[in-house]
Amino acid sequence: MKRKSIGLAAVLAGGLVGCAGTPGDGGVSLGGARAGSGDGPTVAYVGPRGVRLGELRGGLLATSGGAVLAEAVLDAELAERLAARGLAVDEAAVRRERELLAQTLSADPDTAARLLERLRAARGLTDDRLAALMERNAALRALVADGVDVTEEAVRLAYEREHGTRRVARVAVLATPGEADRFVRELRLGGSFEQLAMARSIDPSAGAGGLLPPISRASEGVAGSVREAVWRTAVGSVSGRVAVPEGFAVVRVERELAATGRPMAEVRGALERRVRLTGEAQAMRELAASILRGARVTVLDADLAASWSRYLEANAPAR
């Protein structure tokens, strides 16, 4: 039962791009003949032996080529769409994207800075690539902003998620019905939910003993079947198995948190802003995916072609 961070997913949506076509029809043609293994400049030394770029080229293209090609295609398409609509991305818009990224990572500036450095290391984001990513996101946001509506229903649901009654629960996800039933049986014999979840659950929450963030009746960050199980199971009790995309889940409800009591009027502005950002994030992902599916790209290098195909399947599979 995978959960996603909508804000961060939007920030990283800028990596999405287009799909295959033929040269000479307005598409993008990149790549070329494979370089010999000893070709190119020396880029490193292993002891006294020089390592040439040609020796690394195949591995670099096969592992990261698709993502880099994605950035190039998306940048070209976004520039065309901005120009066609008379829009431009200025420094203020790019700066706002950086601020949104920091806020997504943490409300504390120091913590956000540390997490950003970890994110950059994990994603290989140099200063130039990070700057390009922020500009790409600003372009996506500019193109989708007019189409995002903040409805009263969306604001009401956001209020319920953030300020209504919530429940704290643990979950374990097992691959088969038999494993889920065995998990429940062992709990009834006195087993520890936390320890069993850590040992057997395939959910990312396993490391925390299955503990989930507080769940309201309107929460979107968990599978609907799990959310329903949390609310139909008595506090202190364990549910039966419920189906989730990854297998079968078992839930234990720990406790119930009372509503904050803050009136809607007091928090409406912040809720409307978050609803808008969530809507923009979704629209940005959809726009990037549509560009990826629709662009005309011909890849001439075998390693890059394989990487591109994997990237395409992961980010915008055919509908």
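With Arg232 contributing its side chain and Ser239 its backbone, the two residues share no donor-acceptor pair below 3.5 Å. Not one N or O on the side chain of Ser201 forms a donor-acceptor pair closer than 3.5 Å with the backbone of Met198. The backbone N or O of Ser219 sits less than 3.5 Å from a side-chain atom of Arg227, completing a donor-acceptor pair. Remark: the backbone N or O of Gly59 is paired with a side-chain donor or acceptor of Thr63 at under 3.5 angstrom. Looking at Ser290, its side chain does come within 3.5 Å of a backbone N or O of Leu287 through a donor-acceptor pair. Side-chain atoms of Thr42 never come within 3.5 Å of backbone atoms of Ala44 as a donor-acceptor pair (strictly under, hydrogens ignored). Using a distance-only test at 3.5 Å, with no hydrogens or angles considered, a donor-acceptor pair links the side chain of Arg276 to the main chain of Val148.
Under the 4.5 Å side-chain criterion, counting only non-hydrogen atoms from C-beta, Leu100 is in contact with Arg141. Looking at heavy atoms from C-beta onward, Arg52 lies in side-chain contact with Glu55 at the 4.5 angstrom threshold. Looking only at side-chain heavy atoms (C-beta outward), Leu133 and Glu97 stay at 4.5 Å or farther from each other. You'll find the side chain of Leu212 stays beyond 4.5 Å of the side chain of Arg170, heavy atoms only.
Looking at Ser205 and Asp203, their side chains do bring a donor and an acceptor atom within 3.5 Å of each other. Between Glu99 and Gln103, the side chains place no donor N or O within less than 3.5 Å of an acceptor N or O (distance only, hydrogens not considered).
The environment of CZ in Arg120 is crowded: more than 12 heavy-atom neighbours from other residues, nucleotides or ligands sit within 6.0 Å.
Using a 4.5 Å cut-off between side-chain heavy atoms of Ile, Leu, Val, Met, Phe, Trp and Tyr, with links allowed through other members, Leu174 and Val184 fall into the same hydrophobic cluster. Val299 and Val68 fall into different hydrophobic clusters, where Ile, Leu, Val, Met, Phe, Trp and Tyr residues are linked whenever their side-chain heavy atoms come under 4.5 Å apart, directly or through other members. The cluster map of Ile, Leu, Val, Met, Phe, Trp and Tyr, joined by side-chain heavy atoms under 4.5 Å apart, puts Val94 and Leu78 in the same cluster. Note: the hydrophobic cluster containing Leu115 also contains Leu125 (ILVMFWY, side chain heavy atoms under 4.5 Å, direct or indirect links). No path of Ile, Leu, Val, Met, Phe, Trp and Tyr side chains, each step under 4.5 Å between heavy atoms, connects Phe193 with Val253, placing them in separate hydrophobic clusters.
The pair Arg241-Asp181 counts as a salt bridge, with a side-chain nitrogen and a carboxylate oxygen less than 4.0 angstrom apart. In this structure, Arg296 does not pair ionically with Glu77, as no charged nitrogen and carboxylate oxygen lie closer than 4.0 Å. Under a 4.0 Å N-O distance rule, the pair Glu254/Arg252 qualifies as a salt bridge. Remark: Glu162 engages Arg274 in a salt bridge, criterion side-chain N to carboxylate O under 4.0 Å.
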**Request:** Test side chain to side chain donor-acceptor pair (under 3.5 Å) on Arg129 and Thr126 and set out the steps.
**Result:** CA-CA 5 Å; Arg129 289 194 70 207; Thr126 62; 5.5 Å; no

**Message:** Apply salt bridge (charged side-chain N to carboxylate O under 4.0 Å, His left out) to residues Asp301 and Arg57 and explain how you reach the verdict.
**Reply:** CA-CA 11 Å; Asp301 181 274; Arg57 183 175 179 275; 3.1 Å; yes

**Message:** Could you go through Val250 and Val171, starting from their C-alpha distance and side-chain angles, then the distance that decides it, and tell me whether this counts as side-chain contact (heavy atoms from CB on, under 4.5 Å)?
**Reply:** CA-CA 6 Å; Val250 178; Val171 66; over 6 Å; no

**Request:** Apply the test side-chain contact (heavy atoms from CB on, under 4.5 Å) to residues Arg167 and Arg255: give CA-CA distance (whole Å), side-chain angles for both, the deciding distance (0.1 Å), then the verdict.
**Result:** CA-CA 6 Å; Arg167 285 186 166 187; Arg255 63 186 184 278; over 6 Å; no

**Asked** So Arg166 and Ile215, side-chain contact (heavy atoms from CB on, under 4.5 Å) or not? Walk me through it.
**Response** CA-CA 5 Å; Arg166 294 170 297 163; Ile215 296 171; 6.0 Å; no

**Item:** Check against side-chain contact (heavy atoms from CB on, under 4.5 Å), Met264 and Val155
**Value:** CA-CA 9 Å; Met264 170 74 84; Val155 174; 4.1 Å; yes

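Paired with Arg200 under the rule salt bridge (charged side-chain N to carboxylate O under 4.0 Å, His left out), one option of Glu179, Glu194, Glu186 passes, and it is Glu186.
Ring-centre distance between Phe248 and Phe183: not below the 6.0 Å cut-off.
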